[in-house]
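Structure first, then comments.
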Number of protein chains: 2
Amino acid sequence: MCLRIRLVKREHKQPAQTVLRESVEPVSELTTNRLSVYLRCLNVLDAAGVRTVSSQAMAEQFHLNAAQIRKDLAYFGEFGVRGVGYYVKELRRHLRQILGIDRGVCVAIMGAGNLGLALADYPGFRDEGFEIVAMFDQSRDKIGHRSRAGVPIYDIRDLRKIVRRERIQIGVIAVPAAAAQGVVDTVAAAGIKAVLNFSPGALRVPDGIKLKSMDLTVSLESLSFFLAQTEDKT
Amino acid sequence: MCLRIRLVKREHKQPAQTVLRESVEPVSELTTNRLSVYLRCLNVLDAAGVRTVSSQAMAEQFHLNAAQIRKDLAYFGEFGVRGVGYYVKELRRHLRQILGIDRGVCVAIMGAGNLGLALADYPGFRDEGFEIVAMFDQSRDKIGHRSRAGVPIYDIRDLRKIVRRERIQIGVIAVPAAAAQGVVDTVAAAGIKAVLNFSPGALRVPDGIKLKSMDLTVSLESLSFFLAQTEDKT
DNA sequence: TTTTGTGAACTAGTTCACAGCT
DNA sequence: AGCTGTGAACTAGTTCACAAAA
């Protein structure tokens with residue numbers, strides 16, 4: 001659960017003037033995930049040279065719900081103009097600020113195996129304002145080397161030091177399942193407050209640390225369930 | 001939306017006797033995802049030699065909700081024994097059957113780049129009944145080779161033929177974002193009914209095909225949002 | 001007129017609490 | 001006594017529909 005900070009125009013005669021009003025309403029993760037989706041839509045629109053877009057037009061083009069777009073955005077401020085819609089560039093800038101990616105976010109990847117190396121060089125991250133600045137492993141064979149794209153691999157024992165030096169804010173867990181809990185504990189102890197986990201099974205994190213898990217097995221099983229059900233309908 | 005098939009004991013004097021009762025109630029994806037989680041818990045319990053487990057005990061050990069466990073399981077049958085709980089091995093077998101992984105499920109990976117190769121050799125899949133039988137790419141440099149673990153890389157133009165030959169049921173999209181929609185269309189045309197997508201942005205699939213997306217950027221942005229909010233509380 | 005922002009209505013999902021079975 | 005299975009109560013999330021703004 002996060003708090004929201006809503007930007008509200010106080011003096012609507014001075015339209016650029018915004019005031020930070022802090023409230024204690026929680027924002028659901030479903031909402032924040034959709035903000036990312038909207039940002040991706042705006043990137044497309046902006047690249048296509050579109051200047052303004054209504055919630056309706058966006059909903060149609062990207063198969064979303066117009067009321068939900070408006071409601072999600074309205075949580076954070078009054079970004080729209082009645083009768084016009086939203087200014088694409090402006091809304092994009094607002095969303096990047098809300099998501100905290102307007103200044104680059106530094107990310108470390110724990111585990112320099114196949115998956116870790118693939119994630120380190122994944123181009124989609126850098127494009128959106130994330131920078132993979134380090135990988136960590138315990139294997140002597142890997143420490144001191146770099147990924148193909150040049151991300152250095154450090155000894156996991158140096159985690160704390162390098163987290164501080166590189167201002168690492170997010171840790172990605174790409175180690176075998178058996179090692180995952182131990183690595184998460186190390187990551188938390190090093191002062192990282194947000195963790196993206198790719199290992200299967202539940203991990204425990206201390207309070208105040210945000211854990212997001214992408215369990216590949218759960219996703220495949222969900223698809224398998226769908227197949228099993230549709231088969232049975234014969 | 002899937003249909004559920006509930007196993008209900010009709011003759012409770014013959015406790016092993018179950019009857020398939022087909023109903024039209026939809027099962028939410030949240031529920032099916034939790035079934036995977038329960039299966040993972042049961043694997044742990046079984047490996048630890050535990051014979052029976054109550055919903056309460058499972059909830060405590062794995063930080064779940066007991067009523068939800070019971071309700072989720074009760075959708076599919078009366079697997080528990082009042083006063084006792086659930087037989088671990090038996091429930092595990094039931095869940096594997098419900099999820100359709102009791103007979104191995106064949107999976108193909110589209111795209112033999114870093115991510116595709118990493119997924120192909122990811123050990124967590126095989127462990128749970130999924131077999132990565134093929135990768136597909138369009139690059140001459142890759143076609144004809146194999147992943148380190150031995151998964152063959154085919155020409156994407158041979159997709160239809162190999163899907164039929166290898167009985168491929170699930171396709172995983174691990175190609176660059178720009179190519180993703182085209183590849184999904186090809187996958188759908190080849191008769192695959194379930195797709196796991198790793199590329200960012202929305203994909204359109206024809207009706208009757210199940211698409212599940214794991215958007216890495218959305219997840220990282222969700223974490224970044226959390227960090228941005230907690231910083232502001234200063 | 002067009003389109004936002006938002007209360008109200010609705011729908012989905014979770015948790016409670018207990019009857020009833022073992 | 002102990003625990004499941006489940007209706008009822010509750011909570012969260014989505015969509016509708018419209019007053020107000022440009």
Side-chain angles (χ1 to χ4, degrees), chain A residues 1-2 4 6-16 18 21 23 25-35 37-38 50-61 63-88 90-91 94, chain B residues 1-2 4 6-16 18 21 23 25-35 37-38 51-60 63-88 90-91 94:
Chain A
M1 284 299 179
C2 297
R4 78 171 161 114
R6 195 176 193 279
L7 294 157
V8 179
K9 286 171 194 150
R10 274 283 167 75
E11 293 290 314
H12 71 292
K13 294 294 172 194
Q14 289 165 272
T18 57
R21 164 157 49 107
S23 78
E25 279 179 60
V27 183
S28 100
E29 189 144 331
L30 295 170
T31 304
T32 69
N33 288 348
R34 282 192 300 263
L35 295 183
V37 172
Y38 303 153
V50 177
R51 308 296 291 274
T52 69
V53 69
S54 69
S55 58
Q56 172 110 49
M58 211 165 121
E60 274 166 24
Q61 185 168 351
H63 308 96
L64 307 167
N65 177 289
Q68 185 152 69
I69 294 172
R70 293 200 300 276
K71 193 152 256 192
D72 285 338
L73 296 177
Y75 263 116
F76 297 96
E78 301 195 351
F79 301 129
V81 180
R82 287 159 199 239
V84 176
Y86 301 88
Y87 290 101
V88 171
E90 188 191 307
L91 183 56
H94 276 299
Chain B
M1 283 296 180
C2 294
R4 78 174 163 111
R6 195 176 193 281
L7 294 158
V8 179
K9 287 170 194 146
R10 274 282 168 76
E11 293 289 314
H12 71 290
K13 295 293 171 194
Q14 290 164 269
T18 58
R21 164 154 53 104
S23 77
E25 279 181 61
V27 183
S28 99
E29 189 145 332
L30 295 170
T31 305
T32 69
N33 288 348
R34 283 192 300 264
L35 294 183
V37 172
Y38 303 153
R51 307 296 291 274
T52 69
V53 69
S54 69
S55 59
Q56 172 111 52
M58 213 165 119
E60 274 165 25
H63 308 97
L64 307 166
N65 178 287
Q68 186 152 68
I69 294 173
R70 294 201 299 278
K71 194 152 256 194
D72 286 338
L73 296 177
Y75 263 117
F76 298 96
E78 301 195 350
F79 302 129
V81 181
R82 285 157 200 241
V84 177
Y86 301 88
Y87 291 102
V88 172
E90 190 191 305
L91 183 56
H94 276 299

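Just so it is clear: chains get the letters A, B, ... in the order the sequence lines come, proteins before strands, and each one is counted from 1.
Computed from coordinates, the Q68(B) CD to dC10(D) P distance equals 19 Å when rounded to whole Å. In this structure, the OH atom of Y75(B) is 18 Å from the P atom of dT4(D), given to the nearest Å. Here the P atom of nucleotide dG13(C) and the CG atom of L30(A) are 11 Å apart, to the nearest Å. Rounded to a whole Å, the CG atom of L35(A) is 15 Å from the C1' atom of dG13(D). Residue M58(B) contributes atom CE, which lies 14 Å from atom C1' of dC3(D) at whole-angstrom precision. If you take CD of E90(B) and P of dT4(D), they are 13 Å apart, rounded to a whole angstrom. Regarding L91(B), its CG atom lies at a distance of 16 Å from the P atom of dC3(D), rounded to whole Å.
Each end of the helix from dT1(C)-dA22(D) to dT22(C)-dA1(D) gets its own axis, taken as the rotation carrying the C1' atoms of four end pairs onto the next four within a five-pair window, and the two axes meet at 0° to the nearest 10 degrees.
Side-chain N/O atoms of N65(B) include one lying less than 4.0 angstrom from OP1 or OP2 on dT15(C).
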Does the pair V81(B) and Y86(B) meet the rule for a side chain to side chain contact (heavy atoms under 4.5 Å, CB included), with working shown? CA-CA 6 Å; V81(B) 181; Y86(B) 301 88; over 6 Å; no
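Residues that satisfy the salt bridge (Lys or Arg N to Asp or Glu O under 4.0 Å) test with E29(B), not counting sequence neighbours, are K210(B), K212(B). Residues satisfying the salt bridge (Lys or Arg N to Asp or Glu O under 4.0 Å) test with R34(A), not counting sequence neighbours, are D72(A). Under the side-chain hydrogen bond (donor to acceptor under 3.5 Å, both in side chains) criterion, S55(A) pairs with R70(A), not counting sequence neighbours.
The shortest distance between side-chain heavy atoms of T32(B) and V27(B) falls below 4.5 Å. For the pair L64(A)/Y38(A), a side-chain contact is recorded, criterion being any heavy-atom separation below 4.5 Å from C-beta on. In this structure the side chain of T52(A) never reaches within 4.5 angstrom of the side chain of V88(A), judged on heavy atoms. Counting heavy atoms from C-beta on, the side chains of Y87(A) and V53(A) never come closer than 4.5 Å.
For K71(A) and dG7(C), a side-chain-to-base donor-acceptor distance below 3.5 Å is present, hydrogens and geometry of angles not being considered.
Each of dT14(D), dC16(C), dG5(D) was ranked by its minimum atom distance to the side chain of A67(B); first place goes to dC16(C).
For the pair D72(A) and L73(B), both in contact range of DNA chain D, the more 5′-proximal nearest nucleotide belongs to L73(B).
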What protein N or O atoms touch nucleotides 2-4 of chain C N or O atoms at under 3.5 angstrom, if any, and at what distances?
from, atom 1, to, atom 2, distance (Å)
dT2(C), O2, G83(A), N, 3.4
dT3(C), O4', G83(A), N, 3.0
dT4(C), OP1, S55(A), N, 2.6
dT4(C), OP2, S55(A), OG, 2.7
dT4(C), O2, R82(A), NH1, 3.1

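Between A66(B) and A59(B), the shortest heavy-atom distance links the atoms N-CB, 3.5 Å.
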